[in-house]
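To start, the structure itself, in structure tokens.
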Amino acid sequence: MFTLLYKDFLSKAVTFSYDDGTFYDVFLVELFHKYGIKGTFNINSGLFGAMMHIDFGHKIVYHNRLSEDQTAMLYKGHELAAHSLTHPLLTGQTKEVLDREVLTDMANLDRITGEKTVGFVIPGGPHDETLDTYLRDKVLYERTAAANHSFELPEDFHPFDPTVFHMDPEFLPLCKEYVRSAPDHATWLYIWGHSYEFSLFDTYKNLSEACEMFASCKDLWIAPNRDIIGYVQCGRRIREEKGQLINDTDCDIYGRWNGKNVVVPAHARISQ
Ligand SMILES: [Zn+2]
């Protein structure tokens, strides 16, 4: 039996996903750079430069969006994923609306980064079968705005729930539990949020503490969403046939096979 692991036979991965592309991301990117972390940022390219705010009742928080030029500059080296063009609810929408909100956002991000956009984060969180079906062959993954407190990788990434929201009271306890754990198969801790929430409660302090903890942990793979999900999707295509492990993908795959650590190189097969 083959058990999937990450590069160098690691079994733990941490990934961050932050939405909306507001100017608070400057502080988040600074924090990530301090600890050598690459994150994933989910952008509404139809709202570049928009001046907005959110009323939390006890506090009004600015929700001003970065301009296109600022977006191109700030997130260099990080992943950009689509979050729709203008952040509407995408349930019950026609194909025309989905084409505009999804494909145009992806095309704008492709132009800005010079890379192919492979991720989509559902604006506001609600999704329906029409949206899920529409996205399935267009992106590598579709992320919800829920959280399951699980370290197990989703069976299916169309859609999937993150592990934890950064303002959840369980955020730091889950981070500590994951760092201490020693799983025998590939797992993850998937963190999501909005950087404009840094000015609410202890959000920034808690995230800083988590980043410092992750950076000092030697058995963690910290990477953007697309790297981890892309690797896992390749790893799940490894097949066992007549005493051989066969890898038809472009990635070298690490794992445990019949009690031994093995690497199955890209487009190769290995025997016992
Ligand atoms: Zn959003």
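Sequence positions, counted from 1, serve as the residue numbers for this chain. Remember, it's 1-based here, ligands and their atoms both numbered in the order they're listed. All heavy atoms count here, side chains included; hydrogens, waters and symmetry mates do not.
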cation_pi(Lys138, Tyr134) dist<6.0 Å, angle<=45 | yes

Is any NZ, NE, NH1 or NH2 atom of the basic residue among Arg226 and Glu115 found under 4.0 Å from an Asp or Glu carboxylate oxygen of the other?
-> yes

Backbone or side chain, does His83 get an N/O/S atom under 2.8 Å to the Zn ion (ligand 1)?
-> yes

For the Zn ion (ligand 1), the nearest N/O/S atom on His87 is atom NE2

What class does the angle between the rings of Trp192 and Phe165 fall in, given that below 30° is parallel, 30 to 60° is tilted and above 60° is perpendicular?
-> tilted

Is Asp20 close enough to the Zn ion (ligand 1) to have an N, O or S atom under 2.8 Å?
-> yes

Do Thr203 and Glu197 have a side chain donor and acceptor closer than 3.5 Å?
-> no

